[in-house]
Amino acid sequence: MFFKKSFILAAGCLFGISFSFGQTRTDVPFNSDWQYYKANNNTFFTDFNNGSKYFENQDQWTRLEVWENVNLPHTYNKDDMQKDRNFYEGKAVYQKKFTMKPGDKEKRSFIKFEGVGAVAQLFINGNYIGEHKGGYSMFAFEITNSVDYEKENTLVVVTDNKSRKDIIPINQFLFPVYGGIYRPVHFIQTNKTGFVVTDLASSGIYIRQKDVSAKQANIHVQAKLETKEKHTQNAELWVEIRNADGKVISTDKQPVKISPQGVTYVNQEIKMKSPRLWDGVRDPYLYSLTARLMSNGKELDAVKQPLGVRKVEIIAGKGVFLNDKQYPMYGVCRHQDREGFGSALSFAQHKEDFELMKEMGVTTIRLAHYQQSPEVYSLADTLGFLTWAEVPFVNRVSYYENDNAKQQIAELVKQNFNHPSIYIWGVHNEVYSKTADEQVPVLSREMNDIIKTIDPDRYSVAVTGYNVIDRQENLTTDVQGINHYFGWYGGKIEDLGPWAEKVQQNFPDYKVMLSEYGADGNIDIGQESTEKPKDVVTGKSFQENYQTETHIKQWAAIEKNPIIVASYVWNMFEFAVPAWNRGGVNARNLKGLITFDRQRKKDSFYWYKANWNPEPMIYLANRRDNKRTQAETKIQLFSNLKDVSVEVNGKSYQAVKGENDKHWVVNQVQLQKGENKIVAKGKGAKGELTDEMVWTLN
């Protein structure tokens, strides 16, 4: 049984949510009482990209009657991007009024954003503070010297989600870049001496692990410190590790001198004896590590991070090994948006997604194709999902995106460095070149170098949409990711197995992952026969049963071919694609195993649950293909039980094994005219399990 730990989470239990350590550092939500308006056709502010750093006619825009009151997170595309390609793409202005306390002058103040789509320009009282480019990473600005400590302050954020050649992703073709401040905002205050807040919005400490085993582990902590005092500050750095019950198990101290110039780097090592290992879904045990800066017995600053002690190794042709034991890589990809909400999601909605994945038996997740919410990585830590994190260098290249791609990969790694669930960093997805000398391979090599410079302990991966292992774009990272939809965009469903055998023969030393596979399936379109749609790009009828057939046969092939060290279903959930009109639902990618609103599970969901979740289950497939014309037919079901039978109108049939030992088939079933009641039965450890459905023979 993989899931040893019950999933009981409150927002405050997750690392990355706001903490307050005494009076030294405060991190409070800054999400209520905002106002916003769409601004593309409004003349009350200048075109900031053309050199102006100040608002024009500030009195006018602050008195605008078009302001709409909102709380964060908020996106102005929650509806239009989910309907068709005629969505709003451009600027919106957000503002918030706030006041400072008299004692705040003695502290440092910062504004931290978890995500703004896609460009954000920040102003305090009309004064330009800075700009951030990229819709998915966090960023932080110091505002200590720009706020008024006696009067009300006005914070203005100008957002813009219009596609640009210099910001990845450069288009909205594969997924929408929702506009607005769609993730939470934090107001952070520290003393004048403390951990760096503006190191690409990272925690200010970096935790590395060496020589990890059940006997011992060496925990290395690098802290980045700074002071705004005029003199060198003498202090002590305390590193404290607590177990999951909050008990201190280790404390290490060392003196530090913090220079008033630049940043002071401090390295500290703790030896843990007999650590309880973070073992994925088998035992996602989390310690916490708190770094405290102390002076004369008083705390100057403190930062708390998760600590999961683990060792990950990928062995070509064999699989992924966690703590020297082979780990079952039951993987799915996840987009962050949801019907009616866009990407402006609550913690409860992120948590629901993870609960659904846990129910299906997921053990690893690819967060595609961009950096996701801090809460998402914390959920992965807590549940034990090995996580693939990546940046949105995807789909197309412009040759202007180099700087931003390198910025975003550095942000991804630094901001998520301490999450034990992350085992691999993704450089790109389906971007190509004709030779190894061109932009994509060269830029990928530079991005990989950034990863390895910051984090030499984790793997890196690049992804191609061709089923070719040694393409030049993919030879700059540790792992080859292959997106290929056998039987959908080409070939037959059955082609996956022979392809994997050929890879094993020709590339036995390559670390290869099937990073995307699957097929579209409209849950509202049932069909008696299983046929591939004639046109998978412009077709308007994608029946669910072809998707089901794809996953049955392809998972059975994947588990027989260890050269595929990990595989990821595309996709766990349906998601919006404004440029598409396929399969019977406009602006939707229908490859999800669960509908966009998270309300209905497709047959494929239960197929993977039977294979991945050891909890006893039985499920009759093709229940929505219930309009039948053939009296003699086949019934298939998914079950992890050992003895399965089927009754049709009271007549018993013995089920036999199909594609694997979780796939059961009953052939030559005789239906009667009208309604036919079909009941599946199986014996589990706790008694008999049943499932039933009705087919109607016309």
Side-chain angles (χ1 to χ4, degrees), residues 328-333 360-362 465 467 482-504 512-523 525-534 536 539 542-572 583 590-594 601-613 617-625 633-640 644 655-667 680:
M329 296 294 282
Y330 302 152
V332 296
C333 301
M360 198 172 79
V362 168
N467 58 343
I482 305 294
N483 295 347
H484 206 72
Y485 296 83
F486 299 91
W488 188 252
Y489 294 121
K492 302 187 298 294
I493 294 173
E494 296 83 1
D495 291 342
L496 193 156
W499 170 82
E501 293 171 5
K502 190 175 180 180
V503 173
Q504 175 68 66
V512 179
M513 296 184 179
L514 189 59
S515 40
E516 293 180 24
Y517 70 101
D520 286 76
N522 188 329
I523 198 171
I525 299 179
Q527 184 169 297
E528 185 175 19
S529 61
T530 304
E531 300 172 357
K532 178 182 176 180
K534 293 181 179 178
V536 299
F542 294 167
Q543 64 270 20
E544 182 191 358
N545 65 1
Y546 187 81
Q547 180 193 50
T548 306
E549 188 76 4
T550 298
H551 285 292
I552 291 171
K553 290 184 175 179
Q554 294 191 348
W555 171 251
I558 290 167
E559 64 180 353
K560 293 175 185 175
N561 286 280
I563 190 65
I564 303 173
V565 296
S567 60
Y568 293 88
V569 173
W570 188 267
N571 196 283
M572 185 67 194
L590 295 169
K591 292 185 180 69
L593 307 183
I594 296 179
K601 302 166 184 172
K602 301 178 186 178
D603 283 353
S604 300
F605 173 93
Y606 293 98
W607 165 243
Y608 285 107
K609 183 176 180 179
N611 281 273
W612 295 353
N613 188 336
M617 66 154 289
I618 191 167
Y619 177 82
L620 283 161
N622 307 105
R623 58 213 304 126
R624 284 170 288 276
D625 305 328
T633 189
K634 178 182 80 171
I635 293 172
Q636 61 181 356
L637 58 147
F638 312 142
S639 180
N640 51 19
V644 172
V656 297
K657 296 290 179 63
E659 296 290 336
N660 70 3
D661 62 355
K662 307 300 189 300
H663 182 225
W664 298 83
V665 178
V666 181
N667 292 304

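This one's a predicted model, so the numbers in the text were calculated from it and none came from an experiment.
Asp625 approaches Gly526 most closely through the heavy-atom pair OD1-CA, 3.2 Å. The minimum heavy-atom distance linking Ser604 with Thr548 is given by the pair OG-CA, 3.5 Å. In this structure, Gly658 and Val665 approach most closely via the heavy-atom pair CA-CG2, 4.1 Å. Counting all heavy atoms, side chain and backbone alike, Phe542 lies closest to Asp520 at CD1-CB, 3.4 Å. Residues Leu496 and Ala557 come closest through the heavy atom pair CD2-CB, 4.0 Å. Nearest approach of Cys333 to Tyr568, heavy atoms of both residues: SG-CB, 3.7 Å.
Between Val569 and Tyr517, the closest side-chain pair of non-hydrogen atoms falls below 4.5 Å. Counting heavy atoms from C-beta outward, Gln636 and Asn622 have side chains that approach closer than 4.5 Å. When side chains are defined from C-beta on, Ile594 counts as touching Met572, because their heavy atoms get closer than 4.5 Å. Residues Ile493 and Gln554 form a side-chain contact, since some pair of their non-hydrogen atoms from C-beta on lies under 4.5 Å apart. Considering only heavy atoms from C-beta on, Trp570 stays 4.5 Å or farther from Ser515 through its side chain. Taking 4.5 Å as the limit, every side-chain heavy atom of Lys634 sits out of range of all side-chain heavy atoms of Val666. Residues Met360 and Asn613 fail the side-chain proximity criterion, which asks for heavy atoms closer than 4.5 Å. Using a 4.5 Å heavy-atom threshold, the side chains of Ile523 and Arg624 count as touching.
Proximity of a side-chain donor or acceptor of Asn522 to a complementary backbone N or O of Gly583 within less than 3.5 Å is detected. With Gln543 contributing its side chain and Thr530 its backbone, the two residues share no donor-acceptor pair below 3.5 Å. Side-chain atoms of Lys532 come within 3.5 Å of backbone atoms of Trp488 as a donor-acceptor pair (strictly under, hydrogens ignored). Formation of a donor-acceptor pair under 3.5 Å by the Lys492 side chain with backbone atoms of Phe486 is not found in this model. Side-chain atoms of Gln547 come within 3.5 Å of backbone atoms of Ala519 as a donor-acceptor pair (strictly under, hydrogens ignored). Side chain of Asn467 to backbone of Trp499: no donor-acceptor contact under 3.5 angstrom is found. Within the 3.5 Å criterion, the main-chain N or O of Met617 finds a donor-acceptor partner in the side chain of Asn640.
Ring geometry for Tyr606 against Tyr619 counts as parallel: the plane angle stays under 30°, on a 0 to 90° scale with 60° as the upper cut.
Inspection of the Asn660 and Asn611 side chains reveals an N or O donor paired with an N or O acceptor under 3.5 Å. Looking at Glu516 and His484, their side chains never bring a donor and an acceptor atom within 3.5 Å of each other.
Less than 6.0 angstrom separates the ring centroid of Trp612 from the ring centroid of Trp555. Note: Phe638 and Trp664 fail the aromatic proximity criterion, with ring centroids not under 6.0 Å apart.
Atoms CG and CG, on Asn571 and Leu593 in that order, are 8.0 Å from each other to the nearest 0.5 Å. Taking NZ of Lys553 as the start and NE2 of His663 as the end, the distance is 9.0 Å to the nearest 0.5 Å. Summarising the geometry, atom CD1 belonging to Ile563 is positioned 11.5 Å from atom CE belonging to Met513; distances are rounded to the nearest 0.5 Å. To the nearest 0.5 Å, atoms OG (Ser567) and CG (Leu514) are separated by 6.0 Å. Atom CD in Glu559 sits 7.0 Å away from atom CG in Asp661 (nearest 0.5 Å). Annotation: the span from Glu531 atom CD to Lys534 atom NZ amounts to 8.5 Å, rounded to 0.5 Å.
The only member of Ile564, Asn561, Ile482 that meets side-chain contact (heavy atoms from CB on, under 4.5 Å) when paired with Val512 is Ile482.
Relative to the six-membered ring of Tyr485, Lys591 meets both conditions, a distance below 6.0 Å and an angle of at most 45° to the axis.
More than 12 heavy-atom neighbours from other residues, nucleotides or ligands sit within 6.0 angstrom of NZ on Lys657.
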